[in-house]
Q: 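One structure coming up, written as structure tokens, with questions to follow.
Bear in mind the structure is a predicted one, so any value in this text is a computation, not a measurement.
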Amino acid sequence: MLQTFQANFDSVTPVTIYLDRPIVATKLYILYYNDDVIYPMVPCIRVDFLGCLIADNGYVCGPTGAEAGGFCFTTVSSQDDEACPSIFHSISYPAIINSPSVNRAFNSVLPLVKQPGYEYYRIGLTHHNVRDTTTSHFQWVDGTPLTYHLFDQSNIANDDDERCPAIYVPDNEHWEALTCKSSTQAVGTICQFGK
């Protein structure tokens, strides 16, 4: 996770920054950054971290999320491209379920985070060639290629509709390539952040 924080403008004014959730970490890296080209300053930094017990501070994943396998997961009742960062957390994204271990982690928290009345949830795959019925033209939202999937090849249609891969919750061991922005069924999004 990479975040930029506003610091002070002089050598005496303290700046306190509160995070929106606790961070569980073994290492934190602080990188000094100065974009002032007119009055560049030599870096001088003092940082104090205030720790807390997780039990005293609520959930690391927030009130609507659940932690599994080092990730925070939730579902939102929207399939918009910006649903995850605007509804769940500013650094979240549609889930990248790129290995059996991540799939197991998500499945372990699914009962805790699924939305009432939703059976389909988009995941973070995009399809670049709608006339291709193979998985070779799918890639994850972070740009990595699809190397692990649970598609049944018969679920990838050969038509001009844009396809949005989704997990069908009653049988979450299989993925389907639904028509994006489907109006015939309620489709949510699985959101994730961490690692």
Q: In chain order, what residues pass the side chain to side chain donor-acceptor pair (under 3.5 Å) check against S108, with sequence neighbours excluded?
A: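 S108 satisfies side chain to side chain donor-acceptor pair (under 3.5 Å) with no residue once adjacent residues are dropped.
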Q: How would you list, by chain and number, every residue that makes a side chain to side chain contact (heavy atoms under 4.5 Å, CB included) with P116, sequence neighbours excluded?
A: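 Counting only residues at least two positions away or on another chain, P116 forms no side chain to side chain contact (heavy atoms under 4.5 Å, CB included).
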Q: Are the side chains of I190 and F106 in contact, using a 4.5 Å heavy-atom criterion?
A: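 Side-chain contact under 4.5 Å: yes.
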Q: Any side-chain heavy-atom pair from I87 and S78 closer than 4.5 angstrom?
A: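 With C-beta onward as the side chain, the pair touches.
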Q: What about the rings of F151 and F138, do their centers lie closer together than 6.0 Å?
A: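 When the ring centroids of F151 and F138 are compared, they turn out to be within the sub-6.0 Å range.
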Q: Do Y148 and V102 have side chains that get closer than 4.5 Å, going by heavy atoms?
A: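 Contact flag for Y148/V102 side chains = no.
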Q: Could you list the residues that satisfy side chain to side chain donor-acceptor pair (under 3.5 Å) with S99, not counting sequence neighbours?
A: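 If we apply the side chain to side chain donor-acceptor pair (under 3.5 Å) test to S99, skipping adjacent residues, the hits are S101.
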Q: What distance separates I167 CD1 from T189 OG1, expressed to the nearest 0.5 Å?
A: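 Reported value, rounded in 0.5 Å steps: 11.0 Å.
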Q: My understanding is that only residues two or more places apart in sequence, or in another chain, count here; which of them pass ring pair (Phe, Tyr, Trp, His ring centres under 6.0 Å) with Y121?
A: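 Here no residue qualifies.
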Q: For the residue pair T74 and G65, what are the closest heavy atoms and their distance?
A: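 Reported closest heavy-atom pair: CB-CA, 4.0 Å.
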Q: How long is the gap from CD on Q115 to OG1 on T75, to the nearest 0.5 Å?
A: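 Taking CD in Q115 and OG1 in T75, the distance rounds to 4.0 Å.
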Q: Given F193, which partner from the list F73, F71, F88 fulfils the ring-ring contact (aromatic ring centres under 6.0 Å, His included) test?
A: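 Going through F73, F71, F88 one by one, the ring-ring contact (aromatic ring centres under 6.0 Å, His included) with F193 is satisfied by F88 alone.
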Q: With S77, which residues qualify under side chain to side chain donor-acceptor pair (under 3.5 Å), at least two apart?
A: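 For S77, no residue satisfies side chain to side chain donor-acceptor pair (under 3.5 Å) once neighbours in sequence are set aside.
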Q: Distance from I91 atom CD1 to C84 atom SG, nearest 0.5 Å?
A: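 Atom-to-atom, I91:CD1 and C84:SG are 12.0 Å apart.
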Q: Classify the angle between the aromatic ring planes of Y168 and Y120 as parallel (below 30°), tilted (30 to 60°) or perpendicular (above 60°).
A: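 Judged by the thresholds at 30° and 60°, the geometry between Y168 and Y120 is tilted.
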Q: Does any non-hydrogen side-chain atom of C164 lie less than 4.5 Å from one of Q79?
A: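 No - every pair of side-chain heavy atoms lies 4.5 Å or more apart.
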Q: Report yes if the side chains of T64 and V113 come closer than 4.5 Å at any heavy-atom pair, otherwise no.
A: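 With C-beta onward as the side chain, the pair stays apart.
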Q: Should D81 and R122 count as an ion pair when the cut-off is N to O under 4.0 Å?
A: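 A salt bridge links D81 with R122.
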Q: With side chains defined as the heavy atoms from C-beta onward, is the minimum distance between I123 and P94 less than 4.5 Å?
A: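 They are not in contact (no side-chain heavy atoms under 4.5 Å apart), so the answer is no.
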Q: Heavy atoms, side chains only, cut-off 4.5 Å: are L146 and L125 in contact?
A: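 Counting from C-beta outward, L146 and L125 do come under 4.5 Å.
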Q: Report the residues that fulfil side chain to side chain donor-acceptor pair (under 3.5 Å) with T13, sequence neighbours left out, ordered by chain and then residue number.
A: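 In terms of side chain to side chain donor-acceptor pair (under 3.5 Å), with neighbours along the sequence ignored, T13 is linked to D10.
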Q: Do any N or O atoms from the side chain of E82 and from the backbone of P85 form a donor-acceptor pair under 3.5 angstrom?
A: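 Pair absent, no side-chain N/O of E82 close to backbone of P85.
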Q: Please find the pair of heavy atoms, one from N98 and one from T147, that lie closest to each other, and give the distance.
A: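 Here N98 and T147 meet closest at O-OG1, 4.4 Å.
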Q: Work out which heavy atom in I96 is nearest to a heavy atom in Q192; give both atom names and the distance.
A: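 For I96 versus Q192, the nearest heavy atoms are N-OE1, 2.8 Å.
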Q: Does the plane of the ring in W175 sit parallel, tilted or perpendicular to the ring in H149? Use 30° and 60° as the thresholds.
A: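 Taking H149 first and then W175, their aromatic rings sit tilted (interplane angle of 30° to 60°).
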Q: Within the 4.5 Å heavy-atom criterion, are Q139 and T144 side-chain neighbours or not?
A: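 With C-beta onward as the side chain, the pair stays apart.
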